[in-house]
Amino acid sequence: MIAEVYIDIPANPVNKPFDYRIPESLEGVVAPGMRVTVPFGRTRRLGFVTELKEVSTFKKLKAIDSVEDHAPVLTQELIDLGRWLADSILCPTVTAFQAMLPAAMKAEYKKIIKIEQPEQLKIEDADLASFFETTKQPIWSEIVKSHSELLKRINRAIRQGSLSIHQLVRNQATVKKVSVISVCATKEQLRLELAKLDDRAKRQKEALQFFIKQSDLSSFHSPIHALVKDGLSRDAITKLVDKGLLHLDQMEQFRDPYKHPVEQTKPLNLTDEQAKALAPILQSMNENEHRVFLCHGVTGSGKTEIYLQSIQRVLEHKRQAIVLVPEISLTPQMVLRFKGRFGDQVAVMHSGLSRGEKYDEWRKIREEKVQVVVGARSAIFAPFKKLGLIIIDEEHESSYKQEDMPRYHARDVAIHRAEKHHCPVVLGSATPSLESFARARKQVYTLLSLKERVNHRPLPSVHIVDLREEMRQGNHSVFSKELLEKVKDRLQKNEQTVLFLNRRGYSTFVMCRSCGTVVKCPHCDISLTYHRTQHSLRCHYCGYEQNVPATCPTCDSDAMRFFGTGTQKVEAELNRLLPEARVIRMDVDTTRKKGSHEKLLRQFGEEKADILLGTQMIAKGLDFPKVTLVGVLAADSLLHLSDFRASEKTFQLITQVSGRAGRHSLPGEVVIQSYTPDHYAVIDAARHDYESFYREEMTIRHRWGYPPFFYLVLISLTHPDPAKVAVAADRIAAILKNNLSDSTQIYGPVVPSVSKIKDRYRYQCMVKYKREPALVPVLHQILQHFQETGKDSLQVSIDLNPVALM
DNA sequence: AGCACGCCGACT
DNA sequence: GTCGGCGTGCTC
């Protein structure tokens, strides 16, 4: 038998299956979807078996070395999905496979130097021989790092055959094991041993007495650490194991990040609206019919309950469900809602888990120990065999699109998988993406509308504050008079406030007042942000950090001033203006440590703070009864991005943040501060009028030829040498113009607004098209010709349907 | 991605 | 003459 194998090298020239002979010893063991180690060129690599066959067009086949998995890690459906994905987003097929598996399953490659002829080596190079005698595990890469002076001599020894190099392929995935003790003796035998034991063996006697006391010895088993915790001695137990009275077993265990028992909840009564929305989803499941639903429901309209009750039906049908939630709203609160309803049938996948935990959650899915997975983007690849439903909450979120290779959109993958499984997809959002809403309008998707909050809580009243007016009246603070008054009022009433600002750090840039120089990152084309806690300037793109210059680096004047406002500055302002207020700040800087995100939210929930101040990450999912005021400090901070989705993002953000107010019995109020208070994104968000925003934005998209009216492709090039990128960009633009149809428009090459990142200069070309059959072949050709490998080379990245034009 | 092959310059 | 620079091309 012959296996087709995709080699674990994400590069163009090896992006095709390689044939390998299956040795007799592995006949019947190797199956499609398994990982194998194979000899490749002069190295050994991991590969994915995609197919078995009888004949190959190749004459001399190498044999598979070993199999890495007992059972396939990719189902047939996922293998096909990987191929489809690679084709549709132009990435190597292995990259697609890799994305479907937890990181722990990525192979680790090591080269180890082995001594073949110790005697010969001693004669030829006694020095080297003694070096290898003292190093236990001579790993090639480590020797290159710390003993590079030896390399020449090692190479010569290899040529002469006294040393050789061994390629190791290590699978990082490890299964956690626990030692379990059972008893393989009768009580009689135990009593006999007890009598025989020396008086000094006090601990062994204790242990024996413990086991004699057990009611049912034959079925007794317990992890060894539990026995130790109960006061028995580990040494005594192992002694008894040695004597053959006890038995020690290794048992596989899942690492469980959510081990606390969860109180079970029951389905809630649905409102008429909710019931009306749920019915067609259930019907579609009953009929095994693939349909895409767009559930457009205002914040607080009870979409989650609809999800939960649809999943209920999935489980009744003995099928499985995937629930995608944006990473930042995958809070413990959210997880609890699903665990509360479905208990241990739920696996959770998100970045906060350790490698091992993620691997175990994944294994629970593959081994069919769970029926539901709640997770961020990559959970869309959960290896379920009988999918009954896929839910994508907050469907408009840009985090569903992976921003680096493989650049897939979880929504597209979901729809593709659901088609294969003949099951529905439910997209949920209070602010659907224009693409999705347009499809619903065209009846490609089925629209489900929830216009009211559950229990008929009114949507919060929204006030827009004109910051220009505020400036004219001499108020240069980050707080308008109105907002500050309202915050004070909440403090007095013992209610809580959420303040939202989309910038972290203290101030966004440092400028010299006398010559206008702005301090920039030496590696990126971006101004540095001042962080007050460390009193340093930092680059939010590459992490570069430097001290604040005392004088201007250009003109040497000491007129360096801080401009722009970040969360740190707002925090300082709050402390100054309202010293009695307790403030929690949440941004990347305060939530870097594992678990701190949850900790801060818990503190706020327990009313240990009056004000929650934060960036993006507080816009979603928060549901605290005492929050009656939400302030958006700079509503237009996103509007000035040179991105056709700027208005859409602004509208979504304001709507989402506003939704945090007044979710319970106390009525909510929202204050939006803006320099462009008459922008339709601001006004429509304030009026909670999605339809109106949709109409205005669609007119603009139509006028400028943006999605959903046209499709986009963004081709980005980077190179350390600005001249080289420019040349390549020109040539690529020419190829596009020559090979694509006339109705397709090619823009660029242009230098993007951030022209350099991490010492690499950037250029971009954009393609706008409606129908373009030649597109994929032409893009393939470009990748083939221009994509180089290596660090100081031209990097070409192609983004089909980009979500951001950065 | 690695690694070898291969063809040019500056050294024991 | 050799060592070693990195351009090119292949890996079932």
Side-chain angles (χ1 to χ4, degrees), chain A residues 1-24 26-27 30 32 34-68 79 83 86 90-99 106-114 125 139-145 148-161 163-170 172 404-406 719-721 724 727-728 783-797:
Chain A
M1 276 296 248
I2 290 159
E4 283 190 0
V5 176
Y6 274 89
I7 306 296
D8 176 29
I9 298 173
N12 249 323
V14 288
N15 183 24
K16 59 184 175 187
F18 285 77
D19 291 350
Y20 283 89
R21 190 164 51 76
I22 299 176
E24 233 165 90
L26 295 178
E27 196 79 55
V30 178
M34 285 182 180
R35 295 171 307 152
V36 291
T37 353
V38 292
F40 187 67
R42 275 142 285 262
T43 63
R44 272 156 44 84
R45 302 296 301 216
L46 199 77
F48 289 86
V49 176
T50 50
E51 211 116 347
L52 298 187
K53 57 187 187 183
E54 300 283 349
V55 284
S56 169
T57 49
F58 271 81
K59 304 232 157 47
K60 271 187 274 167
L61 295 187
K62 290 184 181 174
I64 291 174
D65 270 352
S66 58
V67 183
E68 298 294 320
I79 295 174
R83 291 196 181 114
L90 300 169
C91 77
T93 309
V94 254
T95 308
F97 289 151
Q98 221 72 267
K106 257 187 109 171
E108 221 178 36
Y109 298 97
K110 262 190 198 159
K111 284 194 294 184
I112 297 213
I113 302 169
K114 248 185 132 178
D125 195 334
I139 296 162
W140 179 264
S141 58
E142 282 172 19
I143 289 172
V144 170
K145 240 195 287 165
S148 54
E149 75 281 358
L150 293 176
L151 279 182
K152 272 187 212 164
R153 286 151 70 192
I154 292 172
N155 275 327
R156 193 177 52 216
I158 290 169
R159 247 174 290 142
Q160 284 166 352
L163 293 180
S164 69
I165 286 189
H166 277 244
Q167 311 264 353
L168 281 191
V169 179
R170 208 172 70 87
Q172 296 177 55
D404 39 58
M405 282 274 252
H719 195 285
D721 180 350
K724 291 223 169 102
V727 172
L783 276 179
Q784 214 94 80
H785 273 100
F786 290 89
Q787 178 73 276
E788 296 171 3
T789 50
K791 210 174 161 292
D792 285 353
S793 61
L794 184 71
Q795 306 271 27
V796 184
S797 92

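Computation of the quantities below employed the complete heavy-atom set of this structure, encompassing side-chain atoms and omitting hydrogens, waters and symmetry-equivalent molecules. The sequence lines fix the lettering, A, B, ..., with proteins before strands; numbering per chain opens at 1.
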Legend entry - Glu24(A) atom CD: more than 12 heavy-atom contacts under 6.0 Å: no
Inset, instruction - Under 4.0 Å from any heavy atom of chain A: name the first and the last nucleotide of DNA chain C that qualifies, 5' to 3'. - result: dG4(C) to dC12(C)
Inset, instruction - Calculate, to the nearest 0.5 Å, the distance between atoms OG and CD belonging to Ser793(A) and Gln787(A) respectively. - result: 7.0 Å
Inset, instruction - Establish, with yes or no, whether the OP1 or OP2 oxygen of dC3(B) is under 4.0 angstrom from a side-chain nitrogen or oxygen of Gln167(A). - result: yes
Legend entry - Strand-adjacent residues in residues 40-59 of chain A, judged by heavy atoms under 4.0 Å from DNA chain C: Phe40(A), Gly41(A), Phe58(A)
Legend entry - Closest non-hydrogen atom pair between Asp8(A) and Ala107(A), with its separation: OD2-CB, 4.3 Å
Inset, instruction - Have a look at Pro39(A) and say if it touches a base, only the backbone sugar-phosphate, or nothing, with a 4.0 Å heavy-atom cut-off. - result: sugar-phosphate
Legend entry - Rounded distance [0.5 Å steps], CE in Met1(A) versus CG in Leu52(A): 5.0 Å
Inset, instruction - Could you grab the distance from atom OG1 of Thr37(A) to atom CZ of Arg170(A), nearest 0.5 Å is fine? - result: 13.5 Å
Inset, instruction - Return each pair, listed once, that meets salt bridge (charged side-chain N to carboxylate O under 4.0 Å, His left out) where at least one residue sits in residues 43-57 of chain A; pairs must be two or more places apart or across chains. - result: Glu4(A)-Lys53(A), Asp19(A)-Lys53(A), Arg44(A)-Asp65(A), Glu51(A)-Arg83(A)
Inset, instruction - Over 60° means perpendicular and under 30° means parallel, so classify the ring planes of Phe48(A) and Phe97(A), tilted if in between. - result: tilted
Inset, instruction - Give the rounded distance in Å between these two atoms: CG of Asn12(A) and C1' of dG2(B). - result: 16 Å
Inset, instruction - Could you state the atom-to-atom distance from CG of Leu168(A) to P of dG2(B) in whole Å? - result: 15 Å
Inset, instruction - Let me know the distance between NZ of Lys106(A) and P of dA1(B), rounded to the nearest Å. - result: 12 Å
Inset, instruction - Rounded to the nearest angstrom, tell me the gap between atom NZ in Lys110(A) and atom P in dG2(B). - result: 16 Å
Inset, instruction - Compare every heavy atom of Tyr20(A) with every heavy atom of Leu61(A), then report the nearest pair and how far apart it is. - result: CD1-C, 4.3 Å
